[in-house]
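Throughout, protein chains are lettered first and strands after them, A, B, ... in sequence-line order, and every chain is numbered starting at 1. Both backbone and side-chain heavy atoms feed into the values below; hydrogens, waters and symmetry mates do not. Since the model is a prediction, treat every value here as computed from it, not as a measurement.
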Protein chains: 2
Amino acid sequence: MQIGELSRATATKVTTIRFYEEIGLLDRPVRTASGRRTYALRDVERLNFVRNGRRLGFSIDEIRSLIALASEPGRDCGEAMAIASRHLAAVEERLGQLAALRDELAAMSRNCDRQRIADCRVIQAIARQAA
Amino acid sequence: MQIGELSRATATKVTTIRFYEEIGLLDRPVRTASGRRTYALRDVERLNFVRNGRRLGFSIDEIRSLIALASEPGRDCGEAMAIASRHLAAVEERLGQLAALRDELAAMSRNCDRQRIADCRVIQAIARQAA
DNA sequence: CCTTGCTTCTATAGTGACTGGAGATTGTAC
DNA sequence: GTACAATCTCCAGTCACTATAGAAGCAAGG
């Protein structure tokens, strides 16, 4: 399998695959005589792991750790749990912030009745809000 | 007022103030004979506008537009409303995504009962999830 | 006058996670 | 033979800052 097929199989851009290889998230693949990268099933699995991790919002460094953990099947999985829990807590905090933001934005939009800029509630809200 | 005082007055790092000037969000200030920046009340107001806008999640470009609009008090504020509404919609979409993410992460953590990595639900969930 | 120590200056590079483009090869189908 | 797609490497750009180095300015105390 060449890079284009891996790209299609994992819905990942070719440039991103090369980038992941560069930063060590993917192993350096075997090359053809002319230098093209060739991949096998385990590369698809690995890349899917990375993509799913990213989709769940884990950082590259967290994914690196999770990959390292996954390669030691005998170990206790407490560390993997810790990474996931920390991330969940971060997501929950961000959710709270974002909900507060939405309320503020919604209030701004509601109050404005499309008059002149001089009276615009949106502009006023941004200008006057206490941090 | 020098840059340090503006920094304290707006809870903005000195380097960030210089950065905002560089990209044209703040006017180039008058300098003292020795080259130090000096600011007045309107600079505090402008920077607060920028900071509040950022805190509400507007991009630098959106804030640039809002500043331009705010400087034409006679205009209809429909355009400002449009920027705010688009942003609100984006925030709401992100909120939905993030909530879905939280649910997935919570389910992962719940299912894992701290055994060996080989059986770890967290690792398995990341490995097997369909995009 | 001199030193100490803080503030400010410019210029440059780094962050995270990619994305895009230039310019050169290679592989394939007609 | 030639057109075209796929791939290669290398490097720059994105966003919104943040940090560092090294130089200069400025006020207060000795």
> NA contact type, Arg18(A), heavy-atom cut-off 4.0 Å: base, sugar-phosphate, or nothing?
Replying inline: base

Of the candidates dC9(C), dT18(D), dC8(D), the side chain of Thr16(B) sits closest to dT18(D)

Winner on side-chain proximity to Arg36(B), out of dC18(C), dC9(C), dC17(D), is dC9(C)

Between CD1 of Ile17(A) and P of dC18(C) the distance, given in whole Å, is 12 Å

Taken to the nearest whole Å, CE/Met1(A) to P/dA6(D) is 16 Å

Residue pair Tyr20(B)/Gln2(B) against DNA chain D: nearer the 5' end by closest nucleotide is Tyr20(B)

Under 3.5 Å, side chain of Ser109(A) to main-chain N/O of Leu105(A), donor-acceptor pair present? yes

Glu22(A) CD to dC10(D) C1', in whole Å, measures 10 Å

Could you check whether Thr32(A) gets within reach of a base, just the sugar-phosphate, or nothing at all, counting any heavy atom under 4.0 Å? nothing

Whole-Å distance, Phe19(A) CZ to dT19(C) P, equals 9 Å

Quick one: does any side-chain atom of Asp27(B) pair with a main-chain N or O of Pro29(B) as donor and acceptor, under 3.5 Å?
no

Rounded to whole Å, NZ of Lys13(B) lies from P of dT15(C) at a distance of 16 Å

By nearest-nucleotide position on DNA chain D, the 5'-leaning member of Arg51(B) and Arg31(A) is Arg31(A)

**Q.** Main-chain N/O of Leu25(B) paired with Arg46(B) side-chain donor or acceptor, under 3.5 Å
**A.** yes

Which of dC9(C), dA19(D), dG25(D) is nearest the side chain of Thr15(B)? It is dA19(D)

Of the listed dA17(C), dT9(D), dG25(D), the closest approach to the Arg37(A) side chain comes from dT9(D)

- Query: For Arg86(A) and Glu62(A), what are the C-alpha separation, side-chain angles and deciding distance, and is it a salt bridge (charged side-chain N to carboxylate O under 4.0 Å, His left out)?
  - Reply: CA-CA 10 Å; Arg86(A) 266 199 305 275; Glu62(A) 285 169 334; 5.4 Å; no

Taken to the nearest whole Å, CD1/Ile3(B) to P/dG25(D) is 17 Å

Side-chain H-bond candidate by donor/acceptor type, Thr10(B) with Arg51(B), under 3.5 Å:
no

From CG of Leu6(B) across to C1' of dC9(C) the rounded distance in Å is 16 Å

Check whether any side-chain nitrogen or oxygen of Ser34(A) sits under 4.0 Å from OP1 or OP2 of dC8(D), and answer yes or no. no

In whole angstroms, the gap separating C1' of dC17(D) from CD of Glu21(B) amounts to 15 Å

